[in-house]
Asks: 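This is the structure, below, for whatever I ask next.
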Amino acid sequence: METAARKAGAAGGDIPGSLELALTRAPADLLHELRRAWGLNRSGPIWVVGRVWVKSLTDGRELWFLDDIEHPESGAGLLYPTLPGVQGRDDPEPSAAFIPPGPSRKVIGLRDAEAGKQWAVAELELSSLTERRKRRNPWLLNVRSGTMRLLADLPAEWQVAVSGSEAVRRISALARHEIESHVRKVVLQEDQELARRHADNVETLSRLDGDRRQAQDNARAARAKIEADLAKHRQRRDEAERSAADLQVQLGIEQERFAAYKSTVEQEKQLMEINYRRLTDLLTEKGNRLVALGLADAEDVAALIPQMTGPEDERSGVGFTDALAGDYARLAPLLQSRLAEAGLLYSQAQLRDFLALLRTRDLIVLAGDSGSGKTSLVRAAAAAIGGVCTVIPVKPNWTGPEDLLGYYNPIERSYQATPFLLALQVASRSPHVPHFICLDEMNLARVEHYFADFLSLLESRSTSPEIHLYTADEERHVVVEQGIFLAVDAEARRRTGLPDTATLEEILRHDQANAELHRLGGLADNESVLVHHTRLRRSLAAQLRMPTSLTLPSNVWILGAVNMDDTTHQLSPKVLDRVQVLRFRNPMLADWDAIEREIRDVASTPASVKASLRMMPHELGQRADYPAFDRSDLNVAFLLRIARQYLDPLGVEFGLRAVRQSQGYIEAATAAGIGSDEALDNVVKHKILPKIAFDSARPAGNGRSRRELLMDLSAELGKRFENAGLDPDTSSVADLERMIKFAEGNNGIVNYWLR
C-alpha cells in the first residue's frame with residue numbers, strides 16, 4: 001500500500017513556486033493539478049474512496065475526517081502534491097479530507113465512525129482559503145456536503161474497481177465482519193421476538209380471563225345501578241311535575257307584576273316627557289332671552305338643551321359583528337390589508353401587538369426613529385375602523401399640565417383651551433366613534449412634567465377619571481351675575497312696556513328703558529352698559545363652552561410617539577412604569593416578502609371584507625381594573641422569578657402594578673390572536689427592556705457583575721422561549737443580546753435605546 005501511495009505522489013511531481021503564489025492560483029487550476037497528480041479525469045468531480053474516523057477534542061467537540069484516501073479505480077493511496085523549497089511541503093503528505101457538519105455525517109453512526117473501520121466514497125472540493133493557508137496546503141480538501149456514501153451502499157451508476165492486495169483485504173475483512181455482525185444481530189432479534197411474542201400471548205390469555213371475570217362483575221353492578229337510577233328518575237319525575245305546577249302559579253304572579261311594572265314605566269315615561277318639555281321650554285325661553293340680549297350665541301344655547309336620544313352614528317360601512325362575527329383575532333389581517341391599500345406595510349405580528357395594546361386601554365408609547373411609521377399607523381388604524389385620529393405636536397417648552405389641558409384666565413374670565421382639551425370635547429360629543437389622540441414627539445419636553453397629573457388620572461380603572469379644569473366658584477359667580485342682569489332687564493322692560501323679545505339695542509335706544517337699566521343695575525351715568533355687557537358675555541360664553549370639569553370620554557385612546565436621540569428627553573421610570581412601550585424597527589429591515597405573502601393570503605380568503613369597517617369603542621376594548629394578582633399563574637410566577645433574581649439586583653423596578661398590567665396585556669393579546677409565549681415575550685419588550693439603562697461595569701445589588709446578571713437573564717429568557725417559535729430577530733432575547741453587544745462599544749453602558 002505504501003508503494004502505491006509513493007507511486008501516486010510521484011505521478012503528480014513537484015510543483016515549483018512559493019506557498020503564497022500557489023494559494024493565489026484559481027481554484028479550478030488547483031483542482032486540475034490534483035486530477036493530473038492523482039491520475040483522475042481532467043474534468044468533472046473528484047471522487048475517492050477513504051476511511052471515516054473521528055477525532056475528539058478536550059472541549060467536547062468532534063472533528064470528522066475521510067482518511068487513507070485511495071484512487072477509486074486502482075485502489076492506490078493518494079498524496080498531496082509538494083512545493084520544493086517551502087517548509088512543511090517538501091515531502092509528500094498523505095491525503096485526508098475534513099467532513100463538515102451536515103448530511104455527510106448522518107450516513108454513519110458516531111460509534112462506527114469512532115471505531116475507524118467504515119469505508120466510504122465521497123466527492124471532494126477545495127477547503128476555504130483560510131484553512132488552506134493555515135495548513136500551508138494549497139490543495140487541502142473537504143468532503144462536499146451531502147455526497148458521502150458508505151462503501152456498502154453506493155449508487156448503482158457509480159462503479160468502483162478496487163485493486164491492490166492491501167485494499168482488497170481491508171475491504172473484504174470489513175465486509176465479512178459487517179455480514180457476520182448483521183447475521184448475529186438478525187438471529188438475536190428473531191429469538192428475542194419469539195420470546196416476546198410468547199410472553200405476550202401468556203399475558204394476553206391471563207388478561208382476557210381477568211377481563212371476563214371483571215365484565216361479569218361489572219354487568220351485575222351496572223344492573224344494580226340502572227335499577228337504582230330508574231328509581232331516582234321516577235322520584236325526580238314526580239318532583240318535576242310538582243315543580244312545574246308551582247312554576248305555573250309563579251309565572252301567573254310574575255306576569256301580573258310585569259304588567260304593573262310596565263304600566264308604572266309608561267306613567268314615568270309620560271311624566272319624564274312632560275318634564276322634558278317643560279325644561280326645554282324653560283331653557284328655550286331663557287336662552288332666547290340671552291340671545292336677544294346678545295349675551296350668548298344661539299349655537300351655545302342649543303347645546304344646553306338636553307336630548308332625549310343620543311347622537312346617531314352617521315358613519316358608513318359594515319359593523320364589526322357583521323364583518324368579522326365579533327372575532328377580535330380577525331381584525332389584524334383585515335387591518336393589514338387596509339393599510340397596504342394606503343401604501344403602509346406592517347406585519348400581522350406587529351398589528352396584533354398594537355391591537356392588544358389598544359384593548360388594554362393603557363397609555364401606549366410608540367418608540368422608533370423618525371419615519372418608522374408610528375403616527376402613520378395611528379392615523380391609518382383609526383381610519384380603517386371608522387374612527388378619528390387627532391395628532392397633537394408637543395412643544396419643547398411644555399413644563400406643566402396647563403400646556404396640555406389649558407388654564408383659566410382670571411383677567412379675561414375665560415378658559416384658554418388647548419388642542420388636546422378640544423379633542424377630548426369633540427370625542428365626548430360623538431361617544432359611538434373611537435377617537436385616537438396621539439401626542440407627537442412626546443418627549444421633546446419632559447413627559448413627567450406636563451403629563452404627570454394626567455398619568456395619575458389614568459390610574460383610575462374602575463371608573464372614568466374626571467379632569468378638573470378650574471374651580472366651580474367661577475361658575476357660580478357667572479350664574480349670579482347673569483341672573484341679576486336678567487332680573488334687572490326684566491324689571492326695566494316691565495316698567496317701560498317693552499316686550500320680552502326686545503333686544504339690547506332696542507333697550508339702549510329707548511331712553512326710559514336705558515335709564516331704568518342704569519338705575520336698577522347701579523351703573524353710574526358715565527359707566528357704559530356695553531362694557532358691562534361685554535364682560536358678562538365673555539364670562540358666560542366661557543362657562544357655556546368649557547365646563548369646570550370634564551370626564552375622560554370612554555371612546556378616547558391616548559397614545560404617544562417618541563424618538564430617542566440627542567434632541568429628546570429620556571422617559572423617566574415613573575412614566576415607563578405606567579405606559580406600554582411598542583418599539584418600531586427600521587422599516588428597511590423588515591421582511592417585505594413575508595409581509596406581502598401575508599397580504600396576498602388575506603386578499604385570497606373568500607371571507608375577506610371589502611366594505612368599510614365601522615367599529616364601536618367597546619368593541620376595541622373597555623376600561624376596567626387590571627386582573628387580580630395571581631401567584632399561581634405560570635406567567636406571573638416567571639415574571640416574579642426574573643424580578644427577584646435579576647431585575648431587583650440590577651436596580652430595575654418591576655412592581656405589583658407592572659405585573660398586573662402584564663396580566664391584562666396577556667388577556668388582551670389572547671383576544672387579539674397572540675399565543676401565550678409570544679404574549680409573554682411582548683411583555684418583556686413592553687415593560688422590562690425599556691427600563692434597562694445602567695453602567696454594566698458597576699457591581700449589582702448582590703455583589704455580582706451586572707454584565708454577568710444580564711447574560712444570565714438572557715439565558716433564562718432563551719430557555720423559557722426555546723421552543724416558542726418566536727422571530728429570532730425581534731424577540732426579547734435578540735433585543736437583550738444586542739444591548740449587551742452594543743454596551744461593549746459604549747464604555748459598558750447598557751441602554752435599551754442605544755443603537
Side-chain angles (χ1 to χ4, degrees), residues 5-6 8-72 76-108 110 113 116 119-149 158 728-729 741 744-745:
R6 295 285 185 184
D14 296 334
I15 299 177
S18 66
L19 176 62
E20 284 300 320
L21 181 60
L23 288 170
T24 58
R25 288 203 296 272
D29 295 339
L30 294 172
L31 292 175
H32 179 70
E33 291 171 1
L34 273 180
R35 294 189 187 94
R36 184 178 62 188
W38 289 355
L40 299 173
N41 292 333
R42 294 186 177 182
S43 62
I46 298 178
W47 289 89
V48 297
V49 175
R51 178 175 57 86
V52 180
W53 71 284
V54 176
K55 179 180 180 181
S56 300
L57 303 180
T58 56
D59 58 1
R61 294 183 300 143
E62 299 161 350
L63 300 179
W64 291 53
F65 293 92
L66 188 67
D67 205 355
D68 295 337
I69 292 178
E70 297 180 356
H71 194 284
L78 302 176
L79 305 176
Y80 281 118
T82 61
L83 284 172
V86 178
Q87 184 179 0
R89 301 301 310 162
D90 290 331
D91 297 325
E93 178 185 347
S95 299
F98 175 72
I99 303 174
S104 295
R105 292 189 181 183
K106 296 180 180 180
V107 302
I108 180 175
L110 178 60
W119 285 72
V121 60
E123 179 187 352
L124 305 183
E125 62 181 3
L126 280 178
S127 300
S128 66
L129 180 60
T130 302
E131 284 297 318
R132 288 185 283 139
R133 177 175 283 110
K134 178 180 176 182
R135 296 287 300 275
R136 301 178 62 80
N137 186 355
W139 301 276
L140 186 66
L141 297 171
N142 282 352
V143 171
R144 184 181 294 277
S145 180
T147 64
M148 192 172 80
R149 298 290 186 275
W158 178 250
D729 295 328
K741 178 181 178 181
E744 297 174 357

Asks: side-chain contact (heavy atoms from CB on, under 4.5 Å) between E125 and T147: does it pass, once the steps are laid out?
Replies: CA-CA 11 Å; E125 62 181 3; T147 64; over 6 Å; no
Asks: Please answer whether the main-chain N or O of G44 pairs with a side-chain N or O of R35 as donor and acceptor at a distance below 3.5 Å.
Replies: yes
Asks: At their closest point, which heavy atom of P138 faces which heavy atom of L30, and how far apart are they?
Replies: O-CD1, 3.5 Å
Asks: Which atoms form the tightest heavy-atom contact between A22 and L83, and what is the distance?
Replies: CB-CD1, 4.2 Å
Asks: From K134 NZ over to S128 OG, what is the distance, rounded to the nearest 0.5 angstrom?
Replies: 9.5 Å
Asks: Could you report the tightest heavy-atom contact between P92 and L79, atom names first, then the distance?
Replies: CB-CD1, 3.5 Å
Asks: Please name the pair of heavy atoms, one in N137 and one in E93, separated by the smallest distance, quoted to 0.1 Å.
Replies: ND2-OE1, 3.8 Å
Asks: Has the side chain of R149 got a donor or acceptor atom that lies under 3.5 Å from a matching backbone atom of G146?
Replies: yes
Asks: Looking only at non-hydrogen atoms, find the nearest pair between A122 and L66 and report the distance.
Replies: CB-CD2, 4.0 Å
Asks: Is the backbone of S145 close enough, under 3.5 Å, to the side chain of S104 for a donor and an acceptor to pair up by distance?
Replies: no
Asks: Would you indicate whether R135, at its atom CZ, is surrounded by more than 12 heavy atoms from other residues, nucleotides or ligands within a distance under 6.0 Å?
Replies: no
Asks: Side-chain contact test, heavy atoms from C-beta onward, threshold under 4.5 Å: evaluate it for L126 versus N142 and give yes or no.
Replies: no
Asks: I'd like to know whether D68 forms a side-chain contact (heavy atoms from CB on, under 4.5 Å) with W119, so could you lay out the CA-CA distance, the side-chain angles of the two residues, the decisive distance to 0.1 Å, and finally the verdict.
Replies: CA-CA 9 Å; D68 295 337; W119 285 72; 4.2 Å; yes
Asks: Any carboxylate oxygen within less than 4.0 angstrom of a Lys/Arg side-chain nitrogen, looking at E20 and R133?
Replies: yes
Asks: Do L141 and L34 come within less than 4.5 Å of each other through their side chains, counting heavy atoms only?
Replies: yes
Asks: Using a 4.5 Å cut-off on heavy atoms from C-beta on, say whether the side chain of E131 contacts that of L140.
Replies: yes
Asks: Is V121 close to W47 at the side-chain level, that is, under 4.5 Å between some pair of heavy atoms?
Replies: yes
Asks: Stepwise, does the side-chain contact (heavy atoms from CB on, under 4.5 Å) test hold for R25 with E33?
Replies: CA-CA 11 Å; R25 288 203 296 272; E33 291 171 1; 3.0 Å; yes
Asks: Are L63 and V54 packed together at the side-chain level, in the sense that at least one heavy-atom pair is separated by less than 4.5 angstrom?
Replies: no
Asks: Just say parallel, tilted or perpendicular for the rings of Y80 and W38, cut-offs at 30° and 60°.
Replies: tilted
Asks: Counting C-beta onward and ignoring hydrogens, is there a side-chain heavy-atom pair between I99 and M148 closer than 4.5 Å?
Replies: yes
Asks: Kindly indicate whether the side chain of R132, heavy atoms from C-beta on, has any atom under 4.5 Å from the side chain of L23.
Replies: yes
Asks: Does the side chain of V49 come within less than 4.5 Å of I69's, by heavy atoms?
Replies: no
Asks: So L110 and E62, side-chain contact (heavy atoms from CB on, under 4.5 Å) or not? Walk me through it.
Replies: CA-CA 10 Å; L110 178 60; E62 299 161 350; 3.5 Å; yes
Asks: Any idea which heavy atoms bring A97 and L124 closest together, and the distance?
Replies: CB-CD2, 3.8 Å
